[in-house]
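Scroll down for the structure; my scribbles are underneath it.
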Amino acid sequence: MRNKNLILGSREFSSRLIVGTGKYRDYDQTRQAIEASGAEIITVALRRLNLDNPNDKGLLDYLGKTYTLLPNTAGCYTAKEAVLTCRLAREALDTTFVKLEVIGDQKTLFPDNEQLLDAARTLVKEGFTVLPYCIDDPVICKKLEDAGCAAVMPLAAPIGSGLGIRNPYNLMMILEQSRVPVIVDAGVGTASDASFAMELGCHGILMNTAIAGSGDPVKMAHAMKLAVEAGRLAFEAGRIPKKLYATASSPVEGLIGR
Amino acid sequence: MRNKNLILGSREFSSRLIVGTGKYRDYDQTRQAIEASGAEIITVALRRLNLDNPNDKGLLDYLGKTYTLLPNTAGCYTAKEAVLTCRLAREALDTTFVKLEVIGDQKTLFPDNEQLLDAARTLVKEGFTVLPYCIDDPVICKKLEDAGCAAVMPLAAPIGSGLGIRNPYNLMMILEQSRVPVIVDAGVGTASDASFAMELGCHGILMNTAIAGSGDPVKMAHAMKLAVEAGRLAFEAGRIPKKLYATASSPVEGLIGR
Amino acid sequence: MRNKNLILGSREFSSRLIVGTGKYRDYDQTRQAIEASGAEIITVALRRLNLDNPNDKGLLDYLGKTYTLLPNTAGCYTAKEAVLTCRLAREALDTTFVKLEVIGDQKTLFPDNEQLLDAARTLVKEGFTVLPYCIDDPVICKKLEDAGCAAVMPLAAPIGSGLGIRNPYNLMMILEQSRVPVIVDAGVGTASDASFAMELGCHGILMNTAIAGSGDPVKMAHAMKLAVEAGRLAFEAGRIPKKLYATASSPVEGLIGR
Amino acid sequence: MRNKNLILGSREFSSRLIVGTGKYRDYDQTRQAIEASGAEIITVALRRLNLDNPNDKGLLDYLGKTYTLLPNTAGCYTAKEAVLTCRLAREALDTTFVKLEVIGDQKTLFPDNEQLLDAARTLVKEGFTVLPYCIDDPVICKKLEDAGCAAVMPLAAPIGSGLGIRNPYNLMMILEQSRVPVIVDAGVGTASDASFAMELGCHGILMNTAIAGSGDPVKMAHAMKLAVEAGRLAFEAGRIPKKLYATASSPVEGLIGR
Amino acid sequence: MNVIINGERHEFRRSMTVRELLGELKIDSSRGMAVAINDSVVPKQEFDRAAITEGDRVEIIRATQGG
Amino acid sequence: MNVIINGERHEFRRSMTVRELLGELKIDSSRGMAVAINDSVVPKQEFDRAAITEGDRVEIIRATQGG
Amino acid sequence: MNVIINGERHEFRRSMTVRELLGELKIDSSRGMAVAINDSVVPKQEFDRAAITEGDRVEIIRATQGG
Amino acid sequence: MNVIINGERHEFRRSMTVRELLGELKIDSSRGMAVAINDSVVPKQEFDRAAITEGDRVEIIRATQGG
């Protein structure tokens, strides 16, 4: 799976960075940060319309460019809730793409993998392009792939924690087995985390807090764009092996005065 | 020291990546990789001219663009050798810039810090712009700064080892005290290492093997260019704090069906 | 949960190290290593009796001392197989203790958490004291606890890999929530890994390969005994905080010659 | 250098843990913690006698057992001060053993390696058994060894920082080259740090704050005793190699129901 | 007619189609919005026909910022 | 009578109790051993009564080394 | 005679040997203690002979807790 | 005249200036090259005057690839 582009379902994307739209100061900052990130896919949440002010301009009205929207099921704790949310998303946004989350624990926001699998199986049957947020467990990732998911999106660390890639070994095992793209979802804290994930061979990264929560979201979005590209290029180039001892970079012949 | 550019002595550079010219397959690859890296400063070694073939074209004839040359003293084991090499370099290349190395051990290529200090003090007096390759020790870095060096260039790991930033704590201590630029010299293995060093606040990175020894040096050079930029931007933007637990990226208000 | 002893179901153990009996050179070495480890609980597998030689002496005949046997379900890939194995174990060994494993993947030997939960629920109802080998996921650990397991036994790294505690963050989250003992099962490579897990607050460690596969299993068993005790004591004592800068250990008053 | 005991100069010690005597609540706690640590060598500082109360009982009067005293030169910033302190120590304590420290920076308490080498050379000539606190630099360690030091004592992290073994690679390089014992001095935070250092092959560990600054110094001293022993045994036994994938601990033959 | 809309009780004189309800609530049924009645999504092309009756739970959602 | 014991086909002249089968196979029914017929465990106290009949799958297991 | 002892100025009527000074200061010259005059250590066996004279810097130290 | 050039012994009929030596060796004294005699660098503007004499150690170097 060394495609030049990121392939999700029947679609192809040249950016490997997917960004969330939450937690920005305002819509202007959201728009600028997304532009700086170079992302083609952006996640959105679905929430109840405010009946007291039903027609105020929303996020989508502010984004100048057309992005591929990836509705999420954030906040769902059961397969049933998540499936309903996906169906609403398809109707609202006219897309089959969904970022499937089923939360299992409020404190860690770790997924409930039983409910997740259940929802994924249902949604695939209904024709959704399912991108599931899951734990970095090769067994669960395999089941999600077998269920027909278009990618697997293991967490690298808790959502919003910024802890980075806590367990590269699990990602390596998932990458080795996987026949669908592996997208790191959650946990990235800074640019080097993004590069590192891509160097492991991950096919993409989804992030939100690392950009929106930084001191300068537009600048950090730009950093993340470059970091994802850098990591991908480094992966494709093939890094030097690690070794304990030194190797001279300058010729050892022709030394002066010897 | 949050200048937009990298300031070394009286000169200013917009690229924060300095690359070596050793270990490439041929001059063509050298040229292409250097171009892809976006570097403005490149290191060169000084070696005895081959008397049997004194006028064959050399590296400098192959480089299309004009770079700032940074002659090194690689292979010198004493202050005396290093000082002579620097004087020859100044004469040969018409520059006061020198990357000062005094090797203390053939296996690790770690510097001999006593000889290094000695050479640095001599060279500064002679008007050189001294960039010393040193161990990541705040005490030695302080002495080098006090001796008048234009930067300090602590190693992150042995030359050519690709081990990455082995001891970020030492770099942090050096960065906090330093009034001259801190450039990581040696040890970077891949793009995320470069980003990580820049995120710590380092002012630049010097590398050679990580690019020249990779599977595709031109691609890796490009990766390193982006990684250094990404790391710098992330440093400037200010990353999110790390924390153990999760924070939702989507609103917790307006959840469906609750 | 800061009991002096390790409490599993209705029983109490003063050693916090549980050891496997597999992979030793011979029964003599097994016996000596187990003794050196100080373990009170040892795991055993259940396998088909060899009909061609049905009465040869087995492991249990060689162990001088009486240990608490913990039969495992290694090699089971479904809840059904695991449950049958546990029932056979209870009959064969007259114990309700079982180390429940349901493998989900032959290469990683990671558990199939769906099948595991299913088996755990069945076995708890049948009165077993279930100690499940599971992934280091707080959500699954919570479900296993809720199902009535007597402990949770998250893996630290793949069985036999010796990679150590790959993701201390997940263990910390599990420890914080858990009302049953948390025993690290699988992944420990050497003594410091065991100390480290105990320092996080884990209540016990189960290991086999790290001892049996080492250069000197009896010596390593002794090392592990001390390491588990050291880690537990350090946890109970409460370590010093980490900080970047130094604090003198000698008085700063009364310095000579100042 | 795989002696059963720790050999320093002409003396041999069965404990590989050296402990400091600073920062305890009172002399009683000091005595109990030292006893629990099993240390045979303890460090002491030399300070000006309080002329207003010249004969109050001091530390040495409180220690029940006879320890080998290791006077340090903590607080010295020049070779001259350190040499004088060592000479006073020899006179006061009737020992040639000295822990040689020459501090280069008040904030990090990192050594000034130039001054350190200078002092070491002087003291060795005067017949001292010099144990120098130095940076974890193989070049400096080699020079100290060549100067006749009885051991080298590289720091693992700043004194009192508790950061643990920040750069195991440097220690590995030092261990590989060294013909005198390598004792980690400074930086250990908890038991697993001590085990880890010993597993690398270090010959001993010197610590103070990690014990005296812990929540329960006597318990932590005991933890450290066990951790040092555990790490040494693990080093001698030889750990299993690390690998990414799993290896079953139970037989794969004779599986039930297949 | 009593119905629950987005978790809150509303009272109307008569039963309505989804289209009528949206009109009543002054909601523009544009892109980025969807409706479910009793956990079943109502496709946009059904808005004119789908009836809301006594006791229904109606969800009216739209896309918003999220990660 | 044909039965599968530990995955291999065995033939006997007649049907037997578990106790008789163990005797036939010269297996000491001591501690550390258990028997299942068709995935159901046979308690030791049932060995004298439990009958093995044509086509049964019999598992005879014991504890062995494992991690 | 003015001397600096442990960094502080002291005045005495007459010059003294080290032994006499220690007596004057009521210091027990037991184990764990040493004396230097002007950065030169005075061996214990010289205490009776070594003279302290006008302007000397005297250090009297002992071992104490330290890491 | 015997001289050591870049570590190897060379013999010449007569002593020479640096410029002459370079000519003899067919070396283009262009950018990227420098000369030292007995560990002292000879500035380019001195090439016409600086004399090489019996026993001198001459280093002729140029810049090459290096890290």
Side-chain angles (χ1 to χ4, degrees), chain B residues 76-79 101-121 133-147 154-178 186-187 189 193 200, chain D residues 76-79 101-121 133-147 154-178 186-187 189 193 200:
Chain B
C76 293
Y77 280 76
T78 63
E101 300 181 46
V102 188
I103 300 302
D105 174 43
Q106 196 164 5
K107 195 169 180 186
T108 60
L109 298 179
F110 269 39
D112 182 322
N113 296 288
E114 282 179 301
Q115 296 287 323
L116 180 70
L117 269 164
D118 194 4
R121 285 165 184 150
Y133 157 74
C134 57
I135 195 164
D136 57 344
D137 174 1
V139 174
I140 286 162
C141 286
K142 190 69 175 55
K143 290 186 179 190
L144 289 164
E145 179 183 318
D146 290 346
L155 59 86
I159 294 174
S161 71
L163 287 175
I165 314 304
R166 294 328 316 163
N167 195 335
Y169 299 91
N170 280 9
L171 286 179
M172 286 159 73
M173 293 188 285
I174 293 164
L175 283 161
E176 208 168 294
Q177 79 181 8
S178 200
D193 295 340
L200 290 174
Chain D
C76 293
Y77 280 75
T78 63
E101 300 180 46
V102 188
I103 300 304
D105 174 42
Q106 198 165 2
K107 195 169 179 187
T108 60
L109 297 180
F110 270 39
D112 182 322
N113 297 288
E114 283 179 301
Q115 296 287 323
L116 180 69
L117 268 164
D118 195 3
R121 285 166 185 149
Y133 157 73
C134 57
I135 196 165
D136 57 344
D137 173 0
V139 174
I140 286 162
C141 285
K142 189 69 174 58
K143 289 186 178 189
L144 288 165
E145 179 184 317
D146 290 347
L155 60 86
I159 294 173
S161 71
L163 287 175
I165 314 303
R166 294 328 316 163
N167 195 334
Y169 298 91
N170 280 10
L171 286 180
M172 287 159 72
M173 294 189 286
I174 292 165
L175 283 161
E176 208 169 295
Q177 81 183 5
S178 200
D193 296 338
L200 290 174

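Residue numbers begin at 1 in each chain, while the letters A, B, ... track the order of the sequences.
- Residue D:Cys134 holds its SG atom at 7.5 Å from CG of D:Leu155, rounded to the nearest 0.5 Å.
- Evaluation of the side chain to side chain contact (heavy atoms under 4.5 Å, CB included) rule for D:Gln106 yields D:Tyr77 as partners, not counting sequence neighbours.
- The two residues D:Tyr133 and D:Leu109 come nearest to each other via the heavy atoms OH-O, 2.5 Å.
- Contacts with chain D were tallied for B:Thr108, B:Asp137, B:Ile140, B:Asp105; B:Asp137 has the most, counting heavy-atom pairs under 4.5 Å.
- Atom CD1 of D:Ile174 and atom CE of D:Met172 lie 11.5 Å apart (nearest 0.5 Å).
- For D:Leu163, the part lying near chain B is the side chain, with the backbone staying farther off; criterion is any non-hydrogen pair under 4.5 Å.
- Contact of B:Ile103 with chain D is not made at all, since no heavy-atom distance falls under 4.5 Å.
- Within residues 111-118 of chain B, the residues having any heavy atom under 4.5 Å from a heavy atom of chain D are, by residue number, B:Pro111, B:Asp112, B:Asn113, B:Glu114, B:Leu117.
- Side-chain atoms of D:Asn170 come within 3.5 Å of backbone atoms of D:Asp136 as a donor-acceptor pair (strictly under, hydrogens ignored).
- Interface summary for chain B: among D:Pro158, D:Ala157, D:Pro138, the most heavy-atom pairs under 4.5 angstrom belong to D:Pro138.
- The two atoms that bring D:Gly162 and D:Asp193 nearest to each other are O-OD2, 4.4 Å, heavy atoms only.
- Both the backbone and the side chain of D:Phe110 come within less than 4.5 Å of a heavy atom in chain B.
- Taking each heavy atom of B:Leu200 and B:Pro168 in turn, the nearest pair found is CD1-CB, 3.9 Å.
- When heavy atoms are compared at a cutoff of 4.5 Å, D:Lys143 approaches chain B solely by way of its side chain, counted from C-beta outward.
- Here salt bridge (charged side-chain N to carboxylate O under 4.0 Å, His left out) pairs that include residues 165-178 of chain D, with residues two or more places apart or in two chains, are B:Lys107-D:Glu176.
- Partners of B:Ser161 according to the side-chain hydrogen bond (donor to acceptor under 3.5 Å, both in side chains) rule, which considers only residues two or more places apart in sequence or in another chain, do not exist here.
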